[in-house]
Amino acid sequence: GHVSVVAVKCRGDSVLQVETVYAWHRISPPGLAIAGDDIPAVIEPAGCTTTQYHNDIPVAVADNVCTHGSSVWQLVGSETPIGYGDGNGQIVARAGGASLGWETAPFILTCEEQPS
């Protein structure tokens, strides 16, 4: 399965290349975090955009839910700029960009057994 998330991002006046890291956090009951899949660096346009993301549920998360029952989860991550648009359509490497943290609203995951 997957979890769909709609996000609004505002980037200012320049195009940025960003790296994203994130994890699945179980918040009720608390105490478990599972790293998300690797996300390749992407080019983010200037200004504000609305995007729908489809996050595949990791096997470790599904196994936890099916073993321990329904639970409340949240995706928590950060984006770090690693390049910027030079105004001529090229991306220039950028070191030392400040990371911007983000999180989804909490959501409930329930085990969906697959028919045999």
Side-chain angles (χ1 to χ4, degrees):
H2 69 274
V3 172
S4 292
V5 177
V6 176
V8 177
K9 296 180 184 180
C10 294
R11 297 271 179 211
D13 295 337
S14 64
V15 172
L16 290 177
Q17 182 178 29
V18 297
E19 283 186 330
T20 301
V21 295
Y22 74 103
W24 293 72
H25 286 244
R26 189 182 65 200
I27 58 176
S28 179
L32 181 65
I34 297 172
D37 295 332
D38 289 340
I39 298 176
V42 297
I43 307 299
E44 296 283 354
C48 294
T49 58
T50 300
T51 306
Q52 182 167 8
Y53 296 93
H54 297 281
N55 302 281
D56 291 331
I57 299 171
V59 171
V61 171
D63 287 349
N64 182 273
V65 170
C66 288
T67 300
H68 301 288
S70 297
S71 46
V72 180
W73 292 77
Q74 185 174 41
L75 298 177
V76 178
S78 66
E79 294 183 346
T80 303
I82 60 169
Y84 64 93
D86 68 358
N88 296 315
Q90 300 296 314
I91 298 294
V92 177
R94 171 184 177 172
S99 295
L100 176 63
W102 56 264
E103 61 186 30
T104 67
F107 52 88
I108 297 172
L109 291 180
T110 302
C111 182
E112 293 183 10
E113 295 292 335
Q114 298 298 318
S116 47

Q: May I ask you to decide if P29's main-chain N or O and R26's side chain share a donor-acceptor pair within less than 3.5 Å?
A: yes
**Q.** Inter-residue atom distance Q17.CD - E44.CD, 0.5 Å rounding
**A.** 10.5 Å
Q) Is there side-chain contact between V15 and I91, with heavy atoms separated by less than 4.5 Å? A) yes
**Q.** A7 to Y53 - nearest heavy-atom pair and separation
**A.** CB-CE1, 3.8 Å
Q.
Just verifying a value: how many Å separate L100 CG and R11 CZ, rounded to the nearest 0.5 Å?
A. 7.0 Å
**Q.** Euclidean distance, T80 OG1 relative to L16 CG, rounded to 0.5 Å
**A.** 11.0 Å
Q. According to a 4.5 Å side-chain heavy-atom criterion applied to Ile, Leu, Val, Met, Phe, Trp and Tyr, with indirect links allowed, do V76 and V61 form part of one hydrophobic cluster?
A. no
Q: Measure the shortest side-chain to side-chain distance between V42 and V18 over non-hydrogen atoms and say whether it is less than 4.5 angstrom.
A: yes
Q. Is there a donor-acceptor pair under 3.5 Å between the side chain of D86 and the backbone N or O of N88?
A. yes
Q: Following the transitive rule for hydrophobic clusters with a side-chain heavy-atom cut-off under 4.5 Å over Ile, Leu, Val, Met, Phe, Trp and Tyr, establish whether Y22 and V3 coincide in one cluster.
A: yes
Q. Do T51 and V6 come close enough that some side-chain heavy atom pair is under 4.5 Å?
A. no
(Q) Please tell me whether S78 and S99 have a donor and an acceptor in their side chains that are separated by less than 3.5 angstrom. (A) no
Q.
Nearest 0.5 Å, please: how far is CH2 in W102 from CG in L75?
A. 5.5 Å
Q. ring-ring contact (aromatic ring centres under 6.0 Å, His included): which pairs involve residues 69-99, sequence neighbours left out?
A. none
**Q.** S71 OG to L32 CG distance, which is reported to the nearest 0.5 Å
**A.** 8.5 Å
Q) Run the side-chain contact (heavy atoms from CB on, under 4.5 Å) check on S4 and Q52 step by step: do they pass? A) CA-CA 7 Å; S4 292; Q52 182 167 8; 3.5 Å; yes
Q | Cluster check I39, I57: I/L/V/M/F/W/Y, side chain < 4.5 angstrom | A | yes
Q. Do the side chains of L109 and S70 get nearer than 4.5 Å, heavy atoms only?
A. no
Q. Short question: side chain of Q74, backbone of T104 - any donor-acceptor pair under 3.5 Å?
A. yes
